[in-house]
Amino acid sequence: MEVTLTVNGREHTREIEPRLLLVHLLRDDLGLTGTHWGCDTSNCGACVVWMDELPVKSCTVLAAMAGGRRVRTVEGLEGPSGLDPVQTSFIACHGLQCGFCTPAMLMTARWLLDHDPDPSEDDIREAVSGVTCRCTGYENIVRAIRHAAAGGSP
Amino acid sequence: MGIGLSFFTEAVGAGPRATMDVAGFGMADAAELRIHPSGSAVLKVSCMSQGQGHETTFAQLVAQELGISPHEVDVVQGDTDRTPFGLGTYGSRSTPVAGAATVIAARRVRDRARTVAAALLEVAPEDLEWDHGRFGVRGVPGAGATLAEIALAAHSDLELPAGVEGQLDAACVYNPPNLTFPCGAYVCVVDVDTGTGQVRVRRFVAVDDCGVRINPTIVEGQIHGGLADGVGMALMQLMAFDGAGNHLGASFMDYLLPTAKECPSWELGETVTPSPHHPVGAKGIGECATVGSPAAVVNAVLDAIGVRHADMPLTPAQVWRAMQGRPLRNDLAVE
Amino acid sequence: MQVPAQFEYRRATSVQDAVALLARYGSESRVVAGGHSLIPMMKLRLAQPELLVDINDLAELGGVRVVDGELRLGALLRHAELLACAEAGERVPVLHDAERVIADPAVRNRGTVGGSVCQADPSEDLSAAFCALRAVAVVRGTDGHEREVPMRAFFRGPYETAVGPAELLVELRVSLWSTGSAYVKVDRRSGDWAVAAAAAALRLEPDGTVADVGIGLTAVGARGFVAAEAEDDLRGRAAGVDAFARAGRLAAAHCAPVADQRGPVDYKRHLAGELTVRALARAADRTGVPWR
Ligand SMILES: Cc1cc2nc3c(=O)[nH]c(=O)nc-3n(C[C@H](O)[C@H](O)[C@H](O)COP(=O)(O)OP(=O)(O)OC[C@H]3O[C@@H](n4cnc5c(N)ncnc54)[C@H](O)[C@@H]3O)c2cc1C
Ligand code: FES
Ligand code: FES
């Protein structure tokens with residue numbers, strides 16, 4: 001079947017099998033490997049992207065279901081004036097180590113701050129609780145998101 | 001509420017190679033350091049970062065020894081076609097072993113730089129004084145050469161003393177004289193819901209001594225991650241098998257990792273006792289927190305429920321069973 | 001890498017269209033809503049439909065509102081949308097309690113209320129909540145005919161419901177009889193399925209007498225997710241610690257948990273009782289009627 005979707009503001013049309021998962025369309029067909037894929041059971045959250053402005057696990061969305069919808073991945077986070085404040089804050093606060101969870105964390109953090117510009121530590125922990133991090137113990141991720149909320153200057 | 005303590009020492013780095021090996025391989029690691037004519041450096045190491053920040057820490061080691069900026073050090077790793085061979089990154093050993101090799105290679109480069117500088121400045125090597133990136137001539141203020149100038153000279157047509165080849169590079173295969181011994185003291189405070197067996201980690205204070213901290217931010221990051229791992233081991237991770245031998249924890253659905261909600265904000269402290277077995281006094285840190293934290297968490301839970309022992313992991317069911325006087329998990333397979 | 005087996009994908013343009021597609025393909029067809037139960041099952045090949053009917057475009061199935069003294073939740077209402085609805089949280093707090101502990105925010109952005117109950121997983125949180133509330137499911141068939149199925153007759157067994165092969169769940173209706181309700185869950189970690197959980201809905205007379213009560217249990221093998229014996233015992237008694245403890249004992253006695261990695265049978269039975277007591281107490285607190 002044919003699917004047309006908008007990814008980071010650009011429209012793409014691809015011939016796909018209905019069973020293709022959105023995460024694999026993004027990574028394998030569109031080459032957007034910033035979105036990671038870490039499990040088969042919808043648990044790790046490494047694959048979180050925005051679909052119609054909401055963070056979702058792209059391994060649990062069929063590419064076909066994303067047809068006609070707007071997808072935003074970590075590649076679409078950087079703005080005309082450079083990296084997004086959540087990105088600079090993750091750098092400034094050592095919010096990543098191996099980087100596997102980072103794209104999902106960034107997309108989740110951006111969404112949180114768009115809806116709650118001044119989240120408490122508990123709000124942040126709740127918001128990112130669907131994305132597991134094996135490296136940071138979440139400490140510097142929470143710090144980075146607080147840092148971004150406070151302006152995100154390096 | 002319960003409070004748990006743990007004190008630990010991790011034996012890290014491994015060596016000497018004659019007495020410690022992995023399947024007959026001595027536990028050595030290596031570094032090769034090359035200074036370009038521009039004065040910037042390429043360091044090739046036999047270990048590989050998966051996020052532990054070798055690119056930063058090892059660049060700092062070279063920078064510290066040679067008085068250049070860490071930004072001028074390109075760290076190459078992870079491909080034995082391009083790097084020396086070694087036992088690699090695991091068991092907190094990269095800084096104790098490959099890090100030590102890096103420091104020694106840098107010191108060898110410095111020694112060679114002295115010879116080259118002596119030829120360049122037409123003085124005896126003993127008359128040169130190292131001062132942060134520059135060899136100065138003793139007693140002659142202003143006379144001297146920076147590492148970049150020496151590197152350029154080492155690549156130039158300068159007449160070098162007999163026995164000294166050109167260029168500025170060195171290698172080291174490090175044979176550790178001994179292990180390094182990072183240690184720590186951890187305190188964990190938990191709340192246990194005695195009606196359900198659920199545990200919440202309220203506070204966790206970790207004081208680590210990993211010797212000299214080359215990059216404190218990276219060291220803290222390693223500790224944070226290890227503490228979270230320890231909470232996972234203590235409270236939720238189990239390798240169980242069913243009667244037919246099927247692994248019941250084969251996915252993240254049943255092999256649980258702590259989320260941000262199970263982790264408190266980690267509180268860290270430090271003491272610094274330099275290791276006498278490492279050229280800059282550093283010890284390993286990667287695994288330390290995973291050594292100390294499970295015991296602190298388990299001890300806190302035991303303190304809360306007044307039981308002396310319970311097998312890990314302390315899932316709600318296991319805590320409840322321990323409170324019923326059945327603390328052992330002799331049924332690793334599901335009943 | 002696990003991927004589903006081959007299937008055909010169709011996007012429904014209306015409820016009528018969806019039902020017609022289901023009717024044409026028969027038992028080999030499946031509706032996909034959020035897909036957060038179905039797609040993982042398809043990856044594991046526990047489900048292998050030949051046709052998937054995507055209902056995500058059907059705006060008429062979304063939304064939550066109060067009509068005629070009833071809370072009406074569209075089948076396609078996302079968990080996150082229910083959680084964001086302050087009125088639902090005020091009128092039936094058990095739903096917000098439950099939603100807060102279902103999976104994680106990303107899953108809640110996608111998973112739907114209708115998909116949850118149609119999945120009929122024995123550990124589904126909303127099943128117990130809706131059963132405690134005596135909600136009613138509205139199901140629509142090929143001829144456009146709607147029938148109402150009480151939640152307590154909705155579940156036919158694990159992964160089996162009263163929704164026929166050519167039918168769609170369109171709405172859940174919750175009459176607002178309860179004046180206090182609550183949901184209490186024990187899990188191994190946030191975002192995990194319940195080890196056990198209890199939902200309670202209460203209507204108390206001003207003197208504290210239990211005028212009506214609903215108790216739902218999940219993950220402990222309670223018949224139809226309901227602790228009926230406990231409800232019968234409690235109705236007409238004065239709300240109080242002793243009465244709730246009796247209800248807890250009855251709930252524990254009449255459930256049938258099975259052992260798994262979340263815990264052994266005796267523990268789960270214990271939780272059925274303990275969580276029933278806690279849910280009742282919290283629900284009673286929320287009625288604003290003094291009790292003890
Ligand atoms: C990581 C993870 C953790 C989770 N944790 C929990 C948890 O703790 N507690 C919990 O309760 N749930 C949990 N869930 C399940 C989650 O709530 C699902 O979203 C929900 O169970 C199913 O909703 P859905 O819309 O995704 O349904 P789908 O997967 O789309 O559908 C599920 C089933 O319902 C059928 N169906 C869907 N809609 C209709 C309809 N309108 N009419 C007829 N049939 C229909 C489908 O054909 C399918 O058989 C978890 C899911 C994941 C991925
Ligand atoms: S890849 Fe693990 S949740 Fe999507
Ligand atoms: S930085 Fe490695 S998983 Fe989060």
Side-chain angles (χ1 to χ4, degrees), chain B residues 192-201 228 231-243 246-264 297 310-335, chain C residues 1-2 36-37 39-41 43-44 46 100-108 121 123 183-198 219-220 241 244-245 248 252 257-282:
Chain B
V192 177
D193 182 332
T194 51
T196 63
Q198 279 181 301
V199 175
R200 187 180 75 91
V201 180
V231 168
M233 282 186 269
L235 300 183
M236 54 188 87
Q237 288 159 6
L238 175 67
M239 290 279 196
F241 295 86
D242 69 12
N246 297 307
H247 185 211
L248 298 173
S251 77
F252 289 142
M253 203 171 348
D254 286 305
Y255 183 82
L256 300 176
L257 304 182
T259 76
K261 282 165 81 176
E262 280 72 44
C263 295
V297 176
D311 286 351
M312 299 198 304
L314 297 176
T315 60
Q318 179 67 358
V319 171
W320 182 78
R321 280 158 49 119
M323 290 189 302
Q324 314 291 308
R326 287 176 291 151
L328 302 182
R329 196 186 273 284
N330 40 24
D331 47 351
L332 274 190
V334 161
E335 294 113 301
Chain C
M1 174 165 116
Q2 291 171 352
H36 272 49
S37 290
I39 294 172
M41 296 229 313
K43 287 192 211 173
L44 292 167
L46 294 172
R100 253 181 238 111
V101 293
I102 291 177
D104 56 64
V107 170
R108 294 199 292 263
D121 187 299
S123 305
Y183 191 75
V184 189
K185 171 176 174 176
V186 167
D187 47 23
R188 296 176 298 177
R189 190 208 62 193
S190 63
D192 190 26
W193 294 85
V195 179
V220 290
V241 176
F244 291 170
V258 289
D260 60 16
Q261 282 161 283
R262 291 184 173 76
V265 169
D266 56 353
Y267 172 63
K268 291 188 181 183
R269 196 181 287 288
H270 161 77
L271 284 184
E274 175 73 24
L275 299 183
T276 295
V277 173
R278 291 186 185 193
L280 284 168
R282 194 167 300 171

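By convention in this document, chain letters (A, B, ...) are assigned in the order of the sequence lines, proteins followed by strands, and residues within each chain are numbered from 1.
With a 4.5 Å cut-off on non-hydrogen atoms, Arg326(B) touches chain C through its side chain but not through its backbone. Using a 4.5 Å cut-off between heavy atoms, Thr259(B) touches chain C through backbone and side chain atoms alike. Only the side chain of Asp192(C) comes within contact range of chain B, with heavy atoms under 4.5 Å apart. Heavy atoms closer than 4.5 Å to chain C are found in the backbone of Pro258(B), but not in its side chain.
For the residue pair Ala317(B) and Pro264(C), the shortest heavy atom distance occurs at CB-CD, 3.8 Å. Considering all non-hydrogen atoms of both residues, Arg188(C) and Met253(B) come closest at NH2-O, 3.3 Å.
Between the OG1 atom of Thr315(B) and the CZ atom of Arg262(C) there is a distance of 11.0 Å, given to the nearest 0.5 Å.
Residues Arg278(C) and Asp193(B) have side chains in contact (heavy-atom distance under 4.5 Å, counting atoms from C-beta outward).
When each of Val258(C), Val277(C), Val186(C), Leu275(C) is checked for heavy-atom pairs under 4.5 Å with chain B, Val186(C) comes out on top.
Looking at His270(C), its side chain never comes within 3.5 Å of a backbone N or O of Thr196(B) through a donor-acceptor pair. For the pair Gln261(C) (side chain) and Asp254(B) (backbone), a donor-acceptor distance under 3.5 Å is absent.
For the side-chain hydrogen bond (donor to acceptor under 3.5 Å, both in side chains) test, no residue two or more places apart in sequence or in another chain qualifies with Arg269(C).
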